[in-house]
S.K.: 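Below is one structure. I have some questions about it.
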Amino acid sequence: VEVAPTESRRARRRREREAARESGVWYPRAFWPSFTWPALVWITIFFVFPFYLIFGIAFGTFDFLDQPIPVYQPWYWDLTEFKTTLGRICCGADAFYTPVYVRTFTYVALASAVCLVLGYAVAYFVARYGGRRRVLLLILLVMPFWISYLMRMYSWQSMLQEDGVVNGILRFVHLINTPINWVGGKPITVVLGLVYGYIPYMILPLYGALDRINQSLLEAGRDLGASPARTFFRVTLPLSRQAILAGIVIVTLPMFGDYYTNTMLSNSPVTNMIGNLVDVAKSQRRGDAKAASVVITLLVIVLVPMFYYLRSTRKATEHA
Amino acid sequence: MSSVPARRSRFPVVGWWRDPWRKPRILEGITWLYIVWTIVPVVIAILFSFNAGRSRSSWQGFSLQWWVPPNPGDSEALLSRPDLTDALVHGALLAVLTALISVPLGVLFAIGIDRWRGRGSGTANFAMLFSFVIPELIIGVSLYLLFSRVLRSIVSLGSGAQLIGLITFQISYPVIIVRARLLSIGKEYEEAAMDLGATPAASVRRVLLPLLYPAIFASFAIVFADSIDDFVTVSQLSGDASTTTLSMAIYNLSRASPTPAVNAAATVQLVGTLVIVAIGLLLYRGFSRGQSGGDVGSFAQL
């Protein structure tokens, strides 16, 4: 039925309702919303409220035992603790958090860049040349999802010990003579650990996008005289742009909140990230407010990629 | 720039490199190296649970001593380490309960939000997706504050808090999986049922729900596997030592001097998770027979 765009939303709804009632397909007004109520109650109590509580504690006060008292009214919020945290992050005599924040950004940037390049190559191969082995390859690619993250890190931690497999191989091929202590605060170990931990999350969306690309587009590019490299940069890469951005967001969000990868693979303050500040602060005096303040800065950092991701997924479902 | 065969060169490698129709050997090599890189460390960790020595990093021969105690009274093998076995049981229990509660909540939410087009649906959908993308540490800390400062007298840190935290973090997985399925099902089947006289509730229960079984079983498997491996939420919300899961035990013990018994415990959990996922995959295939997208590939995509 052609509908004039000037028809008001209410009129259209009424017309649709009439049509539905006539065909026998009619739902009570609260029918579909009522399905969402149990989960919505849950999310409100255990996600939305605690989320607000972070601010209530960070900007709250303390009782005489240094226990935090959450303050829920924004007009009573006390910014002292939060300003102290900000002073530690930037520009001041006690800006001792600065290296932690710079380090977190560096590690996340390096690790997600490696994830992207390596992940793209793997996803591209499986999507285009997987052939008969595609199912096997896909199972191997999702395998890490079914293995505990901590077990995967523990495996590397064992292999990187001074008497471990990695030093054994390097000594066998005579690249080194004395074993290297890989797990004693080496940034490269932590960055590679982050890559190892999160790259599966990069590969799957890339695979999905590359698999959807119509092969005849690539053949057309080649038929028209483009080299393989040119076809890749002019056809394949632009068509997978959305997936690249989504993949980067998916791996960076958890990396920003990571504190266990570096603890497992280095356990040294020289590789501490923002997550460690949060984890450590909780056990300190007036630590809850400190932890909450650092969490707020973390939230500010991840807000942009998070909203980008939410917007792009909403677009994707609208187009589907 | 041209698709004519490459010029001949004195070096065969150059000709091979310039050939636009050559097989993608380099990409293939990278892919297999990547797979070896992801899988082999874990396989080595499993092998080391059979090490004859105390080390988890240097091989000293085969033995079962870290699995079953060689002589009674020996308390170092997995079977005589209550800290590890309790952690395995606690984690499995949390994961089962999480799946049993979060999947029904998520499935109902997905059905409702997919069909509800009124005021408020946007906000509800946003809140759900927000809980999906937010770093787990932020959810963990916010619930830690809730249970340690506000609800202390009702639910304090410990198993209850861990369960609630896991459900909150996992609830969005079934929502996403079921919504993807709903997109491919469409509304025709229910509308046909209602046309034939079914009530709205009956059309959902007798028509829509059976069509969603593959997605629901996949959700159970994924939520279980993800919860049993969870670290951040369960460790932020843990109470005393009895609420340790295996991930937490690995984290704590790995910084002391872990013995291969830890490898053995991790192996048990890995095998258990893979069995559950395999069952989920079989049910997924069984129930999606005759529907589109019932193969391993689409399960892997979930």
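Letters go in sequence order (proteins before strands), and every chain restarts at 1.
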S.K.: Measuring heavy-atom distances to chain B, does A:F256 have an atom under 4.5 Å in its side chain, in its backbone, in both, or in neither?
M.R.: neither

S.K.: Given a strict heavy-atom distance threshold of 4.5 Å, which part of A:M151 is in contact with chain B: side chain, backbone, both, or neither?
M.R.: both

S.K.: What part of A:Y196 gets within 4.5 angstrom of chain B, counting heavy atoms only: side chain, backbone, both, or neither?
M.R.: both

S.K.: What part of A:I43 is in contact with chain B, defined as an atom under 4.5 angstrom from a non-hydrogen atom: side chain, backbone, both or neither?
M.R.: side chain

S.K.: Please classify the contact between A:I57 and chain B as side chain, backbone, both or neither, with a heavy-atom cut-off of under 4.5 Å.
M.R.: side chain

S.K.: Given that the side chain runs from C-beta out, which part of A:F46 has a heavy atom under 4.5 Å from chain B: side chain, backbone, both or neither?
M.R.: both

S.K.: Is chain B contacted by the side chain of A:I54, its backbone, both, or neither, given a heavy-atom distance below 4.5 Å?
M.R.: both

S.K.: Against chain B, label A:D163 side chain, backbone, both or neither, depending on which of its atoms sit under 4.5 Å from a heavy atom there.
M.R.: both

S.K.: Is the shortest side-chain heavy-atom distance between A:Y72 and A:L53 below 4.5 Å?
M.R.: yes

S.K.: So which residue, B:P135, B:A45, B:S148, ends up with the most heavy-atom pairs under 4.5 Å with chain A?
M.R.: B:P135

S.K.: Heavy-atom cut-off 4.5 Å, strictly under: side chain, backbone, both or neither for A:P200 against chain B?
M.R.: both

S.K.: Against chain B, label A:I203 side chain, backbone, both or neither, depending on which of its atoms sit under 4.5 Å from a heavy atom there.
M.R.: side chain

S.K.: Whether A:R311 engages the ring of A:Y309 as a cation-pi pair (distance to the six-membered ring centre under 6.0 angstrom, angle to the ring normal within 45°) should be assessed.
M.R.: no

S.K.: Is it the backbone or the side chain of A:V183 that comes under 4.5 Å from a heavy atom of chain B, or both, or neither?
M.R.: neither

S.K.: Is A:V165 close to chain B through its backbone or its side chain, or both, or neither, when contacts mean heavy atoms under 4.5 Å?
M.R.: both

S.K.: Considering only heavy atoms, which portion of A:F145 lies under 4.5 Å from any heavy atom of chain B: side chain, backbone, both, or neither?
M.R.: backbone

S.K.: Among the options B:A225, B:S247, B:A265, pick out the one with the most heavy-atom pairs lying under 4.5 Å from chain A.
M.R.: B:S247

S.K.: For A:L299, is it the side chain, the backbone, both or neither that has a heavy atom under 4.5 Å from a heavy atom of chain B?
M.R.: both

